[in-house]
Amino acid sequence: MVAVELLHTARVPARTLGAARALLDDAFHDDFDDADWDHALGGLHALAWADGELVGHGAVVQRRLIHGGRALRTGHVEAVAVPSARRRNGVASAVMAALEDVVRGAYELGALGATDDGAALYTARGWQRWRGPTSVLGPAGTVRTPDADGAVLVLPGVVPLDLDGSLTCDWRDGDVW
Ligand SMILES: CC(C)(COP(=O)(O)OP(=O)(O)OC[C@H]1O[C@@H](n2cnc3c(N)ncnc32)[C@H](O)[C@@H]1OP(=O)(O)O)[C@@H](O)C(=O)NCCC(=O)NCCS
């Protein structure tokens, strides 16, 4: 039985943040760095617990994504992971249900950069692949991010979207998407 707790970073005990970081390092096979962790901080964490053990993590943080001439208030989903021994039991689905509730209640749009493993999870839940060109608004202006093309998924909200149009994210250290 999995219970999902939603907590702002400021309210997550340091021990739990440490457990979440360890879970992410393990789940991504050490392809998860300090910048990736930084991207998951400052918003809400969905923490999945089973028998007192942290068995799943995801976070939603606010970003601005520019589309159709607007800077959309976006709930960006970060750092979704489940330990390998716990997978295919619906844990990530429970984490995502909690995060999607936040996205629908507080943001104009949901977005995330998906791994190959993750994409199937999200598309089965109604997330849609962005088909148009992606870019970042960085210190040098707007720069195309061709590596992110096809890997960005969105959860449409109230704002009309053209999935073949351009989508530009705000700047941050590390992977911008
Ligand atoms: C992706 C991940 C979070 C999925 O966690 P999970 O708890 O196993 O996911 P769920 O059990 O809730 O899966 C729900 C559905 O998503 C789909 N799905 C999940 N993982 C999948 C995979 N590896 N391949 C194909 N479909 C998958 C399936 O439709 C699954 O339903 P089913 O088991 O009835 O077929 C987990 O594999 C993981 O931590 N991977 C490494 C880190 C990572 O890539 N995170 C995603 C970042 S974008």
Side-chain angles (χ1 to χ4, degrees), residues 1-7 9 12 16-63 65 74-104 107 109-132 134 136 145-157 161 163 167 169-170 172-177:
M1 184 66 182
V2 169
V4 177
E5 181 183 29
L6 262 183
L7 283 181
T9 304
V12 182
T16 303
L17 283 177
R21 175 68 198 263
L23 187 160
L24 288 156
D25 285 340
D26 191 51
F28 284 95
H29 304 295
D30 290 326
D31 187 23
F32 188 89
D33 62 20
D34 289 347
D36 296 322
W37 177 239
D38 180 78
H39 299 162
L41 302 178
L44 284 170
H45 300 259
L47 303 159
W49 299 95
D51 300 324
E53 185 189 346
L54 186 67
V55 295
H57 176 271
V60 59
V61 299
Q62 180 170 317
R63 301 187 72 183
L65 297 193
T74 301
H76 206 264
V77 170
E78 302 283 346
V80 175
V82 171
S84 49
R86 300 275 188 168
R87 290 178 192 166
R88 304 309 282 265
N89 276 309
V91 176
S93 301
V95 164
M96 287 305 298
L99 298 178
E100 288 158 4
D101 194 44
V102 173
V103 168
R104 291 196 173 98
Y107 297 102
L109 174 71
L112 57 82
T115 61
D116 291 343
D117 271 4
L121 163 72
Y122 306 123
T123 53
R125 303 186 55 77
W127 289 72
Q128 296 179 28
R129 199 174 288 279
W130 196 270
R131 297 185 295 260
T134 60
V136 62
T145 51
D147 289 353
D149 289 357
V152 175
L153 301 186
V154 295
L155 187 65
L161 300 174
L163 297 181
L167 189 66
C169 65
D170 55 17
R172 64 186 189 183
D173 289 342
D175 291 337
V176 292
W177 281 105

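Note that ligands are numbered from 1 as they come in the structure, with each ligand's atoms numbered from 1 the same way. Note that the numbering runs from 1 along the sequence shown for the chain. Quantities reported herein were computed from a predicted structural model and do not represent experimental measurements.
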* Atom indices of ligand 1, in the order listed, that fall short of 4.0 Å to a heavy atom of Leu121 -> 12 (O), 13 (O), 14 (C), 16 (O), 17 (C)
* Closest approach of any protein heavy atom to atom 45 (N) of ligand 1, naming residue and atom -> Val80 O, 2.8 Å
* Asked: To the nearest 0.1 Å, how far is atom 23 (N) of ligand 1 from its closest protein heavy atom, and which atom is that?
  -> Asp117 OD1, 3.7 Å
* Structure fact -> the protein heavy atom lying closest to atom 26 (N) of ligand 1 turns out to be Ala120 CB, 3.3 Å
* Structure fact -> In terms of its nearest heavy atom to atom 22 (C) of ligand 1, the top option of Arg87, Arg88, Arg125 is Arg88
* Give a yes/no on ligand 1: does Pro83 have at least one heavy atom closer than 4.0 angstrom to it? => no
* Asked: Ala81 heavy atoms, cut-off 4.0 Å: which ligand 1 atoms fall inside?
  -> 39 (O)
* Asked: Just by modelled atom types, is the Trp37 backbone N or O under 3.5 Å from a matching donor or acceptor in the Arg21 side chain?
  -> no
* Would a 4.0 Å cut-off, counted as strictly less than, catch a protein heavy atom around atom 5 (O) of ligand 1? -> yes
* Asked: Would you say Arg63's side chain and Thr74's backbone share a donor-acceptor pair under 3.5 angstrom?
  -> no
* Asked: Looking only at heavy atoms, which two atoms of Asp31 and Asp36 are closest? And how far apart?
  -> O-OD2, 4.0 Å
* Are the side chain of Asp33 and the backbone of Ala35 linked by a donor-acceptor contact shorter than 3.5 Å? -> yes
* Should you measure from each heavy atom of Ala27, which atoms of ligand 1 turn up under 4.0 Å away? -> 41 (C)
* Asked: Under 3.5 Å, side chain of His76 to main-chain N/O of Ala59, donor-acceptor pair present?
  -> no
* Is a side-chain N or O of His57 found less than 3.5 angstrom from the main chain of Ala79, in a donor-acceptor match? -> yes
* **Distance from atom 7 (O) of ligand 1 to nearest protein heavy atom, with residue and atom** => Ala92 N, 3.0 Å
* Asked: Could an N or O of ligand 1 be found under 3.5 Å from any N or O of Gly113, whether backbone or side chain?
  -> no
* N/O of Ala124 under 3.5 Å from N/O of ligand 1, yes or no? -> no
* **Identity and distance of the protein heavy atom lying nearest atom 39 (O) of ligand 1** => Val82 N, 2.9 Å
* Below 3.5 angstrom, do we get any N/O pair linking Thr115 and ligand 1? -> yes
* **Shortest protein heavy-atom distance from atom 12 (O) of ligand 1, along with the residue and atom involved** => Ser93 OG, 2.6 Å
* To do: Give me the one residue out of Val152, Asp147, Leu65 that meets side chain to side chain contact (heavy atoms under 4.5 Å, CB included) with Thr134.
  => Val152
* Looking at ligand 1, does any of its N/O atoms fall within less than 3.5 Å of an N/O of Gly90? -> yes
* Asked: With a cut-off of 4.0 Å, which atoms of ligand 1 are near a heavy atom of Tyr122?
  -> 46 (C), 47 (C), 48 (S)
* Structure fact -> Taking only non-hydrogen atoms of Ala114 and a 4.0 Å limit, the atoms of ligand 1 in range are 48 (S)
* Structure fact -> At under 4.0 Å between heavy atoms, what of Asn89 touches ligand 1? The answer is backbone
